[in-house]
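Here's the structure, in structure tokens; my notes come after.
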Amino acid sequence: MPQLDALRAFAVTLVLIYHWFPQDALINKTPNGAIGVTLFFVLSGFLITQILIQNRNQMLAGQTTPSAIYRNFIVRRALRIFPVYYLFLTFVYFVLPDKSDISNSPAYYYLYAYNILLHQTDNWADLLSPFWTLSVEEQFYLVWPFVVLLTPRLQLRRVIIFTIFLGLATRIWWGLTSHSQGILTLTCLDSFGIGALWSYILVEQPEKIPTFRRQLRWATLLALVCFLFILTQPHTSSLRLFQRIILSILSLYLVAQSTIGFGGITGRVLTNPALIYMGKISYGIYVYHMIVSTYLTGLILNKLSRFSPISLHNFWIHLVSSFLLLIILASLSWFLIEKPITNLKRYFTYSKSSL
């Protein structure tokens, strides 16, 4: 499904726009960071649930066991995300400890509980503040396999729908009763659940795909209208508590259509090799983007300015330089660290016959 890689590229680009442009810039009038993160959550909910349902069905056929599925799922996830995550955390801990709360509370970061700490401190100036989403995803990865593997097959759709409402209800309750940024895992479950619902339809009820897609088109139209209306409201409006589920529906439309395959101009854009490549290295882009724009670019431009006849201390020069440096760094990370370690997944397949 190469178009899903292109969606990752769009998602991480929105995160870059949110963090690299001034918050009052016209391009940031839309909540680009929230859109990008929500799209990542919906993608994760879809892909992870699809893997688990397919392997659950193999388990029911006697081809594997719950413990084997869970063990290999966790190991495969760890191989994909741990190396870069922990290397970068350790770098910040020793080299830039004053730019993060990591030196004061390392356990929160190293145990994938940083979203809990950020919920308490509200310190968005932390260099590692974008890592709250990685904590949410890891917490989801640890728990969700139990839900999918242990829920009776005929009840799974109801459980997924309950998960969607649980996420929305939790976010509304927290938002109305206390200060909440919606960064605790419970408040993000609607995004994961909406992605999971599509994987359930795709694997378990393929005969309902046309009906589901038709209903999704109407839901997407309504969500788009609601999103545009919310943008006109003050940032403090309680209506913004519904923003994430609205963005999740819009994201689901993109994910579902990309799974089937967009045609026409959209299809050609989403199969562009450059976008697919950017989606492939999007994890590294997400991990490194703050340190590149905040430190690395300035350091390099300061060195180059000694030999340049023009001033390099310009917003657009800094922006373009940051993007190029980020692509280079994420590419090196992919080829030197991520890809070689990810290839070890072949030793942790799910079915008994492959072990």
Side-chain angles (χ1 to χ4, degrees), residues 1-19 32-54 73 76-85 130 133-134 136-138 140-141 191-192 194-196 198-199 202-203 213 216 220 247-248 250-289 292 323-346:
M1 295 180 284
Q3 293 187 9
L4 294 184
D5 275 329
L7 288 187
R8 289 190 181 94
F10 280 115
V12 78
T13 298
L14 289 170
V15 173
L16 296 184
I17 291 171
Y18 178 74
H19 285 135
N32 295 307
I35 297 172
V37 166
T38 302
L39 180 51
F40 274 128
F41 285 169
V42 173
L43 269 168
S44 291
F46 164 64
L47 292 171
I48 295 306
T49 307
Q50 185 179 47
I51 291 170
L52 292 171
I53 291 177
Q54 290 171 340
F73 173 80
R76 290 166 68 89
R77 286 289 84 203
L79 289 171
R80 179 67 188 95
I81 62 181
F82 279 13
V84 165
Y85 179 82
T133 65
L134 304 182
V136 167
E137 295 225 15
E138 183 62 23
F140 176 73
Y141 296 154
S191 297
F192 292 114
I194 283 176
W198 171 235
S199 67
L202 205 62
V203 178
R213 293 180 66 198
L216 179 58
T220 301
L247 292 177
S248 297
L250 296 175
S251 297
L252 178 61
Y253 175 79
L254 296 175
V255 171
Q257 288 295 114
S258 296
T259 306
I260 303 299
F262 275 101
I265 296 177
T266 304
R268 288 195 292 274
V269 170
L270 292 178
T271 53
N272 180 278
L275 274 181
I276 292 174
Y277 175 73
M278 188 174 173
K280 190 181 298 291
I281 63 172
S282 60
Y283 179 51
I285 293 175
Y286 190 87
V287 168
Y288 305 127
H289 77 277
V292 166
F323 182 75
L324 294 176
L325 286 170
L326 181 59
I327 294 298
I328 292 171
L329 181 58
S331 296
L332 290 173
S333 176
W334 169 253
F335 287 109
L336 299 179
I337 303 174
E338 298 170 61
K339 191 172 185 293
I341 296 177
T342 300
N343 287 338
L344 297 176
K345 285 183 178 181
R346 66 182 182 273

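Count residues from 1 along the sequence.
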Which pair of heavy atoms, one from G284 and one from A330, lies closest together, and at what distance?
C-CB, 4.0 Å
Give every donor-acceptor pair under 3.5 Å between a side-chain atom in residues 257-267 and any protein atom, sequence neighbours left out.
residue : atom : partner : partner atom : Å
Q257    : OE1  : R213    : NE           : 3.3
Q257    : OE1  : R213    : NH2          : 2.8
S258    : OG   : L254    : O            : 2.7
T259    : OG1  : W198    : NE1          : 3.4
T259    : OG1  : V255    : O            : 2.6

Pairwise distance CG(L250) to OH(Y253) - rounded to 0.5 angstrom:
10.5 Å
CZ (R8) and CE (M278) are apart, to the nearest 0.5 Å, by 13.0 Å
Least distance between heavy atoms, I281 atom then S331 atom
CD1-OG, 3.8 Å
For side-chain contact (heavy atoms from CB on, under 4.5 Å), just list the numbers for I327 and I285, CA-CA rounded to whole Å, side-chain angles, deciding distance to a tenth of an Å, and then say yes or no.
CA-CA 7 Å; I327 294 298; I285 293 175; 3.9 Å; yes
Value rounded to 0.5 Å, distance of CG in L329 from CH2 in W334
15.0 Å
Are I81 and L134 close enough that some pair of their side-chain heavy atoms sits under 4.5 Å apart?
no
Return each pair, listed once, that meets salt bridge (Lys or Arg N to Asp or Glu O under 4.0 Å) where at least one residue sits in residues 254-264; pairs must be two or more places apart or across chains.
none
Closest heavy-atom pair, P83 versus A78, reported as atoms and distance to 0.1 Å, is CD-O, 3.4 Å
Gap separating the CZ atom of R77 from the CD1 atom of I48, nearest 0.5 angstrom
4.5 Å
Any side-chain heavy-atom pair of L202 and F46 under 4.5 Å:
yes
For L336 and P340, work out which heavy atoms get closest and say how close.
O-CG, 3.8 Å
Can you pull out every ring pair (Phe, Tyr, Trp, His ring centres under 6.0 Å) where at least one residue sits in residues 268-288? Sequence neighbours excluded, please.
F88-Y288, Y286-H289
List in chain and number order the residues that pass ring-ring contact (aromatic ring centres under 6.0 Å, His included) with Y85, two or more places apart in sequence or in another chain; answer none if no residue qualifies.
Y112, F131
Sub-3.5 Å donor-acceptor pair from the side chain of S44 to the main-chain atoms of F40, do we have one?
yes
pair L39-L14: side-chain heavy atoms closer than 4.5 Å
no
Pairs flagged by salt bridge (Lys or Arg N to Asp or Glu O under 4.0 Å) wherever residues 326-337 is involved - sequence neighbours left out
none
How long is the straight-line distance from OG of S199 back to CD1 of I51, given to the nearest 0.5 Å?
10.0 Å
Value rounded to 0.5 Å, distance of CZ in R76 from OG1 in T342:
10.0 Å
Nearest heavy-atom approach of S282 to V12 is O-CG2, 3.9 Å
Test item: L4 and L47 side chains (from C-beta on) under 4.5 Å apart, heavy atoms:
yes
With no hydrogens and no angle check, is any side-chain donor or acceptor of T271 less than 3.5 Å from a backbone partner on R268?
yes
Is there side-chain contact between F10 and L275, with at least one heavy-atom pair below 4.5 Å?
yes
Qualifying salt bridge (Lys or Arg N to Asp or Glu O under 4.0 Å) pairs, either residue in residues 329-340, two or more places apart:
R80-E338
Find out whether N343 and L79 are in side-chain contact, i.e. whether some heavy atom of one side chain is under 4.5 Å from a heavy atom of the other.
no
